[in-house]
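See structure below.
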Number of protein chains: 2
Amino acid sequence: MAARWLYDSLKLVSASMPPSSSSATRATIADVAARAGVSKSTVSRFLNRRDELLTPDIASRVESAVKALGYSPSPMAQALSRGHSRLIGLVVADVTNPFSVAVLRGAEKACKEAGYLLMLSNLGDGGVRERDAIEALASYQVAGLILNTMGRDEAAVSAAARSGRPVVLVDRRHPGMQADFVSLDNAGAVQMAAAHLLESGWRDLLYVTEPVAGVSSRRERAAAFRALANGRAGMKAHVFESTPDKPDALVAALTEHKGRGRRLAVLASNSVTTLRVAHAVAALGWEFGRDLGFAGIDETEWAPLVGPGLTTVAQPTDALGRLATACLLERMDGLDVPPRQILLNGQLVARRSSMRTAS
Amino acid sequence: MAARWLYDSLKLVSASMPPSSSSATRATIADVAARAGVSKSTVSRFLNRRDELLTPDIASRVESAVKALGYSPSPMAQALSRGHSRLIGLVVADVTNPFSVAVLRGAEKACKEAGYLLMLSNLGDGGVRERDAIEALASYQVAGLILNTMGRDEAAVSAAARSGRPVVLVDRRHPGMQADFVSLDNAGAVQMAAAHLLESGWRDLLYVTEPVAGVSSRRERAAAFRALANGRAGMKAHVFESTPDKPDALVAALTEHKGRGRRLAVLASNSVTTLRVAHAVAALGWEFGRDLGFAGIDETEWAPLVGPGLTTVAQPTDALGRLATACLLERMDGLDVPPRQILLNGQLVARRSSMRTAS
DNA sequence: TTGTACGCGTTATCAG
DNA sequence: CTGATAACGCGTACAA
């Protein structure tokens with residue numbers, strides 16, 4: 001009875017308000033119900049499951065009430081009620097990395113198209129652990145998680161599992177995590193770049209990578225390079241792990257390997273190492289194509305502008321982002337198959353850094 | 001009475017569950033209350049307003065219950081109840097722009113430190129209007145909005161106002177929007193760069209910008225350049241609006257202005273135009289420092305690597321992002337002063353593109 | 001087909 | 001100082 005009274009009073013209040021008054025507070029489902037002279041459930045049903053038969057009369061009344069009030073449901077309340085929101089959590093190891101941003105961009109587009117919003121969590125160098133990021137996101141009842149992380153945090157795996165939400169990994173695998181995986185075909189990309197360098201006449205290849213420990217994509221690319229090196233005769237191949245703190249080491253490695261022959265080319269693991277190599281080459285006063293061959297994974301807007309132009313393998317970043325989202329959406333939709341693996345091909349963008357110039 | 005019965009049964013249920021059982025569903029405040037043998041209100045008070053005196057005994061009981069259950073409140077439910085979430089909405093015109101990403105990074109850090117999460121909305125080229133983005137974010141009860149947008153959408157202003165949340169504008173003003181504004185000191189940056197070029201011996205300055213229509217930062221920078229040009233005698237100054245679709249126009253403009261004298265330098269409005277100019281220069285076979293002086297706003301990781309190194313004015317992107325969030329936090333905290341304007345100084349990074357080389 | 005009543009997890013207002 | 005109870009806005013069995 002008390003509830004009944006309250007309901008009626010609500011009805012009066014909202015009915016006595018000017019139709020499209022810009023009241024400080026947004027219209028609720030109760031307002032719509034009152035204005036249409038029906039119950040909240042009817043409005044809810046009309047909004048969610050239109051297929052369920054509704055009396056045409058009532059349906060149109062609700063419809064016009066919704067329109068008149070400019071009503072749109074509160075995602076928060078929906079999330080609380082349904083147990084999950086229309087939010088997708090994205091954990092990125094480093095938003096500074098152009099690759100991550102490009103993927104992010106693709107994912108954001110796909111999310112928006114599907115009516116989802118993106119919650120972003122960046123694990124800068126700062127202390128925030130992957131596990132915490134995942135839990136923070138999960139506490140917002142995200143519908144799913146896209147992870148592009150360091151991949152070392154063991155606790156992250158359990159946190160992700162505990163969240164009970166579908167997860168998709170991008171670029172970096174996470175041992176033991178039950179999730180779809182979307183990535184560049186790393187081995188293929190490395191082979192493509194290396195083959196291109198060899199065909200262009202370079203004989204000694206130096207693979208420059210960030211420390212591979214713990215990061216699957218780095219490990220896979222380096223492994224592919226090594227495998228390749230073993231396969232071919234008459235080619236020298238070395239791997240150098242570069243760290244940001246001591247650029248001199250890279251310069252030293254470059255000069256050392258160059259000394260052995262006149263056909264040294266560098267294969268850089270990604271845009272970060274590409275940058276380092278370019279710096280080292282500048283410091284040495286060398287020129288790409290003449291003193292050193294070069295190809296690197298990751299296309300960037302500046303690749304054409306450095307030296308004579310840098311040869312790269314472009315990743316399909318947009319597709320990666322979109323596919324990751326697509327996987328998630330399928331899982332949310334109930335798809336129940338074993339973890340999938342989606343590998344996309346890179347595309348070689350040949351520029352002059354890989355072309356041998358008269359010396 | 002019915003409620004009482006329900007409450008007791010709940011107590012039993014949760015009490016009969018293994019303490020740290022990984023139940024599928026997270027612990028709620030009711031679970032904690034039951035375990036501690038107190039009411040939900042008490043737990044809530046303990047969590048939110050510890051200052052209100054609590055009996056030590058009860059406090060410790062609640063504390064241990066919280067710990068035992070690994071309880072943490074549901075932000076969703078809190079938002080529903082409080083009327084606002086611990087979410088901050090960020091609308092970016094173009095995540096592809098490194099400047100935006102850098103700001104985003106600073107903002108994300110500051111948010112995380114303050115216990116807020118970032119909801120991202122990118123307005124790619126795609127049809128999504130600013131207004132829709134703001135409304136989508138607002139519907140999630142965001143505590144505040146950081147806007148770095150095109151600034152043309154009139155509807156956005158009203159949408160932001162209607163949201164009732166504090167707003168801070170970054171880099172781009174929005175006419176009529178009641179909000180704090182955080183940005184580079186555009187006039188100062190342009191003056192700094194121009195002065196540097198003139199001091200370095202360049203006499204004819206060409207300012208290259210994206211179309212200024214509707215974007216405040218572009219307009220302000222261009223205006224500053226024009227003002228400067230009027231002030232100094234013996235210096236020629238022109239403005240060129242570059243569009244992405246026809247790069248030839250830029251090449252033409254460059255050759256045209258160069259024809260008039262031998263001391264032409266370009267001042268690029270941001271990293272986007274810098275890229276375009278670099279492409280044009282490459283196409284012309286010119287060399288920075290010898291055939292053309294150059295300075296551009298926006299420091300990038302590749303600036304040192306293009307040609308002899310590009311002179312730039314670095315924006316304090318991280319500070320911009322942090323300050324924007326700080327403004328927001330203050331407003332959320334109730335600060336009620338007229339819209340503020342925070343202008344930060346750029347920093348000149350002199351490289352060889354601005355140094356005249358023997359020709 | 002439509003309405004009632006309750007639950008989702010918190011906070012806040014009041015009694016006690 | 002603590003506890004019952006009503007919101008917050010919505011979805012949904014269940015009843016009618």
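All chains are named by letter (A, B, ...) in the order of the sequence lines, taking the proteins before the strands, and each is independently numbered beginning at 1.
Between the P atom of dG3(C) and the CG atom of Leu54(A) lies a distance of 10 Å, rounded to the nearest Å. Atom-to-atom, NE2 of His84(B) to P of dG9(D) comes out at 14 Å; the value is rounded to the nearest Å. Protein atom CE of Met76(A) is 12 Å distant from nucleotide atom C1' of dC8(D), rounded to whole Å. When rounded to the nearest whole Å, the span between CZ of Arg86(B) and P of dT11(C) equals 12 Å. For Phe46(A) and dC10(D), the CZ to C1' distance is 16 Å, given to the nearest whole Å. The CG atom of Leu69(B) sits 13 Å away from the P atom of dG9(C) (whole-angstrom rounding). Protein atom CZ of Arg82(B) is 12 Å distant from nucleotide atom C1' of dG9(C), rounded to whole Å. Rounding to whole angstrom units, CG of residue Leu80(A) and C1' of dT10(C) are separated by 8 Å.
With respect to Lys112(B) and Glu108(B), a salt bridge is recorded, a charged nitrogen being found less than 4.0 Å from a carboxylate O. Comment: Asp153(B) does not engage Arg129(B) in a salt bridge, judged by the lack of any side-chain N to carboxylate O separation of less than 4.0 angstrom. The pair Arg61(B)-Asp57(B) meets the salt-bridge criterion, since a charged nitrogen lies less than 4.0 angstrom from a carboxylate oxygen. Taking the charged nitrogens against the carboxylate oxygens, Arg340(B) and Glu330(B) do have a contact shorter than 4.0 Å, which makes a salt bridge. Looking at Arg26(B) and Asp31(B), no side-chain N of the basic residue comes within less than 4.0 Å of a carboxylate O on the acidic one, giving no salt bridge.
For dT11(C), the OP1/OP2 oxygens have a side-chain nitrogen or oxygen of Ser44(B) closer than 4.0 Å. Within the structure, a side-chain polar atom (N or O) of Arg49(B) is placed less than 4.0 Å from OP1 or OP2 of dA12(C). Note on Gln78(B): a side-chain N or O is less than 4.0 Å away from OP1 or OP2 of dT11(C). OP1 or OP2 of dG9(C) has not a single side-chain nitrogen or oxygen of Ser74(B) nearer than 4.0 Å.
Position along DNA chain D of the nearest nucleotide to Ala77(B) versus Ile58(B) favours Ile58(B) as the more 5'-ward residue. For Ile29(A) and Arg45(A), each mapped to the nucleotide of DNA chain D holding its nearest heavy atom, the one lying further toward the 5' end belongs to Ile29(A).
When each of dT11(C), dG9(D), dT10(C) is scored by its nearest atom to the side-chain atoms of Asn48(B), the top-ranked nucleotide is dT11(C). Checking dC10(D), dT1(C), dC8(D) against the side-chain heavy atoms of Ser81(B) singles out dC8(D) as nearest. Closest approach to the Val38(A) side chain among dG3(C), dG11(D), dT10(C) is made by dG3(C) (side chain taken as heavy atoms from C-beta onward). Listed nucleotides: dG9(D), dT10(C), dT2(D). Nearest to the side chain of Thr42(B): dT2(D). Residue Thr55(A) has its side chain nearest to dT1(C) when only dT10(C), dT1(C), dG3(D) are considered. Here dT10(C) is the nucleotide among dT10(C), dA12(C), dC8(C) with the atom lying nearest to any side-chain atom of Tyr71(B).
Side-chain contact between Leu69(B) and Arg35(B) is present, with heavy atoms from C-beta onward closer than 4.5 Å.
At a cut-off of 3.5 angstrom, counting only N and O atoms as typed in the model, there is a donor on one side and an acceptor on the other between the side-chain of Ser41(B) and the base of dA4(D).
Across all strands, Ser85(B) comes closer than 4.0 Å to no nucleic acid atom at all (heavy-atom distances).
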